[in-house]
S.K.: 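I have a structure I would like to understand better, so I am pasting it below and will then ask my questions one at a time.
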Amino acid sequence: MIWLRGDKRTTKHTKNTEKKSAHPLLCFRVFRVFRGFFLILLPAILCCGFARGQTVTGDISYTKQTSFRIPFQTDPSEKRLKQVQLYYSTDQGQSWHPYTSVMPEQKFFDFTASADGVYWFAVRTVDADGRGNPLTMQGVRPGLKVCVDTQPPTIRLRALPPRDGEVGVEWDVRDENLDAISLRLEYRLPAVAEWLPLGGELAVSGQRYWKPAAPGVVEVRLKVRDRADNWSEEKVSVSAGSFTSQPLENRQHPSDPPTPIRQDGVNLVNSKRISLNYELKEVGPSKVSLVELWLTRDGRTWQKFKEDTGNGQTGPQPPFIVEVNEEGQYGFTLVARSGVGLGERPPQVGDPPQVWVEVDLTKPAVRILNVDPPRTVEDRNLTITWSASDKNLGRQPITLSYAEQAEGPWTPIAANLENTGRYVWPMPLNVPFRIHVKVEASDRAGNVGSGQTTNPILVDLSKPKVNITTVEPRNQ
C-alpha cells in the first residue's frame with residue numbers, strides 16, 4: 001500500500017516495500033511521482049537508532065533529539081534521477097528553505113534542528129538534464145512533519161492543609177506537547193521504598209485528598225512526560241498531623257513560588273545581576289583559558305559582552321556572573337576557549353542564543369477597589385474587590401490579609417488565589433471590630449506589589465440596647 005497525497009493506492013511492489021520499511025512512528029508516505037519514477041520519504045530515524053518513546057500524533061512525529069536521519073527510497077530501475085534535495089519549512093509550508101542535497105544512492109538525509117519547533121520536510125529532484133521537479137517549492141505539500149521538543153514539562157506541586165485526617169496536594173502541569181495520559185500521582189509511607197499509585201483520572205491541573213494507610217509524613221510524587229519522551233518529576237512531603245501554616249510575614253513571598261521559565265522558554269529574573277550556571281565538556285590537556293559571554297537583544301545581532309579568565313591560578317569556573325543596565329530581554333551564549341585558543345565559533349547573525357533571560361524589576365500594579373463590610377449582624381461576609389496587573393503575573397498570584405493597625409502585623413485571609421478581582425470572606429468571630437485589608441500580587445519573576453485600605457473598615461455592626469430594670473429612690 002502506498003499513500004500519494006492522501007489517496008490510497010495499492011500495487012504489488014509497494015506492498016512488499018511496506019512490510020520491509022514499517023516503522024513504529026509513522027507509515028511511509030509517497031511524496032511525489034515524477035515522470036514514471038517515484039520517491040518515498042520515510043519517517044525520521046535518530047542517528048543513534050530508533051527513537052525510544054517517540055510518538056506520532058496525527059501526522060506529526062515527536063522527538064527530543066535535535067539530530068536525526070530521514071531515509072528515502074527511489075525506484076531502483078530509474079536511471080535519470082541524479083540529485084535529491086531536502087527542503088524544510090518552519091512556518092507550515094508558507095516558505096521553504098534548502099537544507100542539503102545528496103545523490104540518489106545515499107538513500108538518506110541527515111538533519112540537525114537549530115531550535116525546538118515543528119519542521120515540515122519536502123524534497124525536490126534534479127534529473128540528468130538538470131531539470132528540477134517541482135520547478136518551485138511554492139504550494140508543495142510536506143512528505144514528513146517532525147516536532148523537535150527538548151524541554152521537559154513544567155510541574156508545580158504543592159501541599160494542601162490537612163482535613164479530617166486526610167492529606168492533600170494540588171498541582172499544575174504545563175507543556176505545549178504534553179502527553180496527559182502519562183500523568184502519575186503516587187505516594188509512599190515513612191520508611192517504605194515502594195510508591196503507591198493514587199488511582200483515578202488526573203487532569204493537568206487539579207487537587208487530590210486521601211487518607212494514607214499509616215500515620216506520619218507522606219512523600220508525594222507527580223510524574224509526567226510529553227510526546228517527545230521528556231519526563232518531569234516533582235515531589236513534596238505532607239502530613240495529616242503536622243501541617244502548620246507559616247505566618248504571612250515569614251514567607252519568602254505571599255503567593256505561589258515564582259515560575260522561573262515562561263511558556264515561551266524565557267527565564268525570568270528580578271535582578272540586573274544574573275548568574276549563568278554552565279558546565280564544561282571535552283576539555284583537553286591545555287584546559288580552558290577563558291569563557292566569552294556574547295549578548296543579543298534582538299535575536300539577530302551579537303556583541304561580545306564580557307570575558308572570564310578565572311582568578312589567575314585556575315581557569316574560569318561556573319557560574320558566569322553578568323550585570324545588565326536595565327530591564328528587558330537578553331539572549332546569552334557562552335563560548336569557551338582552550339589554552340591554545342581553540343573553541344567554537346562565536347554566534348553569527350541570526351543564530352539563536354543558548355538562553356533567553358528577561359530582567360523584570362517591575363512590581364505588579366495592585367489597587368483595592370472596594371471593601372464591602374457586612375450589612376447585618378447575622379451577615380459575616382466581607383467582600384473585597386481589587387485590580388492587579390503585570391505582564392508576567394502568575395496563575396494564582398493573589399494573597400489577601402488583614403491587620404488591626406495599618407502597619408501590621410498582618411494575618412492571612414486567603415493565599416494562592418486567581419486574579420478574579422473579587423473575594424467574599426466569611427469572617428471568623430475573633431476578627432477585631434475594625435481592620436485594614438491588604439491585597440498582594442506576585443509575578444513569576446518574584447516581584448510583589450501590594451495595595452491596602454487607607455482607612456480602617458468597621459466590621460462590628462452590633463447595636464447595643466438598654467432596658468430599665470428597676471426604679472429606686474436616691475437619697476442625697
Side-chain angles (χ1 to χ4, degrees), residues 23-26 43-70 88 90 92 110-121 144-158 169-187 195 197-198 201-206 219-236 256-268 276-279 281 331-334 352-358 394-395 444:
H23 188 280
L25 295 181
L26 185 70
I45 300 176
L46 301 186
C47 291
C48 58
F50 287 96
R52 176 184 295 180
Q54 194 173 358
T55 60
V56 172
T57 300
D59 59 349
I60 299 180
S61 301
Y62 293 81
T63 179
K64 60 184 177 182
Q65 306 294 332
T66 57
S67 297
F68 46 86
R69 177 165 292 177
I70 305 174
Y88 73 95
T90 56
Q92 299 180 344
D110 284 331
F111 182 83
T112 298
S114 59
D116 284 15
V118 177
Y119 293 81
W120 286 14
F121 296 99
L144 185 68
K145 300 177 184 179
V146 178
C147 177
V148 177
D149 182 0
T150 62
Q151 301 300 315
T154 300
I155 301 176
R156 299 171 68 190
L157 180 66
R158 297 179 296 274
V169 293
E170 65 176 358
W171 65 87
D172 181 55
V173 180
R174 301 292 177 91
D175 192 277
E176 292 183 357
N177 302 310
L178 191 68
D179 181 8
I181 63 174
S182 68
L183 275 164
R184 297 289 184 271
L185 186 63
E186 305 167 313
Y187 77 98
W195 289 93
L198 288 167
E201 186 175 346
L202 299 177
V204 294
S205 297
E219 190 176 16
V220 184
R221 178 175 72 179
L222 181 67
K223 298 176 63 178
V224 68
R225 51 158 275 177
D226 61 22
R227 294 187 181 118
D229 204 39
N230 297 296
W231 282 91
S232 284
E233 176 181 308
E234 190 70 24
K235 297 178 182 177
V236 69
D256 294 342
T259 302
I261 302 180
R262 294 194 318 219
Q263 284 296 103
D264 57 4
V266 177
N267 295 263
L268 293 170
L276 301 173
N277 292 307
Y278 65 90
E279 60 178 350
K281 295 182 178 180
F332 295 115
T333 290
L334 294 177
Q354 292 174 343
V355 64
W356 280 106
V357 177
E358 180 177 335
R395 189 180 66 87
R444 289 178 290 180

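Everything numeric in this text was worked out from a predicted model, so none of it was measured.
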S.K.: List the residues meeting side-chain hydrogen bond (donor to acceptor under 3.5 Å, both in side chains) with S182, not counting sequence neighbours, and say none if there are none.
M.R.: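 Once residues adjacent in sequence are excluded, S182 has no partner under the side-chain hydrogen bond (donor to acceptor under 3.5 Å, both in side chains) criterion.
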S.K.: Can you list everything that forms a side-chain hydrogen bond (donor to acceptor under 3.5 Å, both in side chains) with R184? Sequence neighbours excluded, please.
M.R.: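 Partners of R184 by the side-chain hydrogen bond (donor to acceptor under 3.5 Å, both in side chains) criterion come out as none, since no residue qualifies.
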S.K.: List for me each residue that meets side-chain contact (heavy atoms from CB on, under 4.5 Å) alongside T150, sequence neighbours excluded, and say none if there are none.
M.R.: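 T150 satisfies side-chain contact (heavy atoms from CB on, under 4.5 Å) with T66, D116, V148 once adjacent residues are dropped.
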S.K.: Has the side chain of N267 got a donor or acceptor atom that lies under 3.5 Å from a matching backbone atom of W356?
M.R.: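 Checked: pair present.
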S.K.: The criterion is side-chain hydrogen bond (donor to acceptor under 3.5 Å, both in side chains); which residues satisfy it with E186, sequence neighbours excluded?
M.R.: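 Partners of E186 by the side-chain hydrogen bond (donor to acceptor under 3.5 Å, both in side chains) criterion, ordered by chain and then number, come out as R221.
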S.K.: Can you tell me how far the CG atom of D59 sits from the NZ atom of K145, to the nearest 0.5 Å?
M.R.: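 Result: 4.0 Å between the selected atoms.
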S.K.: I'd like to know whether S61 forms a side chain to side chain contact (heavy atoms under 4.5 Å, CB included) with Y119, so could you lay out the CA-CA distance, the side-chain angles of the two residues, the decisive distance to 0.1 Å, and finally the verdict.
M.R.: CA-CA 10 Å; S61 301; Y119 293 81; over 6 Å; no
S.K.: Measure the NZ-OG distance between K223 and S232 for me, rounded to the nearest 0.5 Å.
M.R.: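 K223 NZ to S232 OG: 11.0 Å, rounded to 0.5 Å.
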S.K.: Of all heavy-atom pairs between I155 and E234, which one has the smallest distance, and what is that distance?
M.R.: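 What the structure gives for the nearest pair is CG2-CB, 3.6 Å.
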S.K.: Check the pair I181, D179 against side chain to side chain contact (heavy atoms under 4.5 Å, CB included), reporting the backbone distance first and the verdict last.
M.R.: CA-CA 6 Å; I181 63 174; D179 181 8; 3.1 Å; yes
S.K.: Which heavy atom of R444 sits nearest to which heavy atom of G394, and what is that distance?
M.R.: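 Scanning both residues completely, I find the closest heavy atoms to be CG-CA, 3.8 Å.
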S.K.: Answer yes or no: is there a donor N or O on one side and an acceptor on the other, between the side chain of T333 and the main chain of P353, under 3.5 Å?
M.R.: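 No, because the side chain of T333 does not come within donor-acceptor range (under 3.5 Å) of the backbone of P353.
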S.K.: Could you state the interatomic distance from CG (D226) to CH2 (W231), rounded to the nearest 0.5 Å?
M.R.: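 Here the interatomic distance stands at 9.5 Å.
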S.K.: Set out, in order, the CA-CA distance, both residues' side-chain angles and the distance that settles side chain to side chain contact (heavy atoms under 4.5 Å, CB included) for L334 and Q354, then state yes or no.
M.R.: CA-CA 8 Å; L334 294 177; Q354 292 174 343; 3.9 Å; yes
S.K.: Would you call the rings of F111 and F121 parallel, tilted or perpendicular, taking 30° and 60° as the class edges?
M.R.: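 F111 vs F121 ring planes: perpendicular.
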S.K.: According to side-chain hydrogen bond (donor to acceptor under 3.5 Å, both in side chains), who are the partners of E219, at least two apart in sequence or on a separate chain?
M.R.: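 With sequence neighbours excluded, E219 shows a side-chain hydrogen bond (donor to acceptor under 3.5 Å, both in side chains) to R188, given in chain and number order.
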S.K.: Can you measure from CD (E279) to NZ (K281) and round to the nearest 0.5 angstrom?
M.R.: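 Between E279 CD and K281 NZ, I get 4.5 Å after rounding to 0.5 Å.
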S.K.: So, does N230 use its side chain to make a donor-acceptor pair with the main chain of D149 at under 3.5 Å?
M.R.: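 At least one qualifying donor-acceptor pair exists.
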S.K.: Indicate yes or no for a side-chain donor-acceptor contact from W195 to the backbone of L185 under 3.5 Å, with no hydrogens or angles considered.
M.R.: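 Not at all, since once roles are kept as given, no pair shorter than 3.5 Å links the two residues.
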S.K.: Of all residues at least two apart in sequence or in a different chain, which pass the salt bridge (Lys or Arg N to Asp or Glu O under 4.0 Å) check with D172?
M.R.: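 Once residues adjacent in sequence are excluded, the partners of D172 under the salt bridge (Lys or Arg N to Asp or Glu O under 4.0 Å) criterion are R174, R395.
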S.K.: Can you give me the closest heavy-atom contact between V357 and V266, atom names plus distance?
M.R.: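 That would be C-CG1, 4.1 Å.
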S.K.: Checking side chain to side chain contact (heavy atoms under 4.5 Å, CB included) for the pair V146/L144: CA distance, chi angles, key distance, verdict?
M.R.: CA-CA 7 Å; V146 178; L144 185 68; 4.0 Å; yes
S.K.: Hey, what do you get for CG (L222) to NZ (K235), rounding to the nearest 0.5 Å?
M.R.: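 The CG atom of L222 sits 12.0 Å away from the NZ atom of K235.
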S.K.: When rounded to the nearest 0.5 angstrom, what is the spacing between CG in L183 and CH2 in W171?
M.R.: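 These two atoms lie 8.0 Å from each other.
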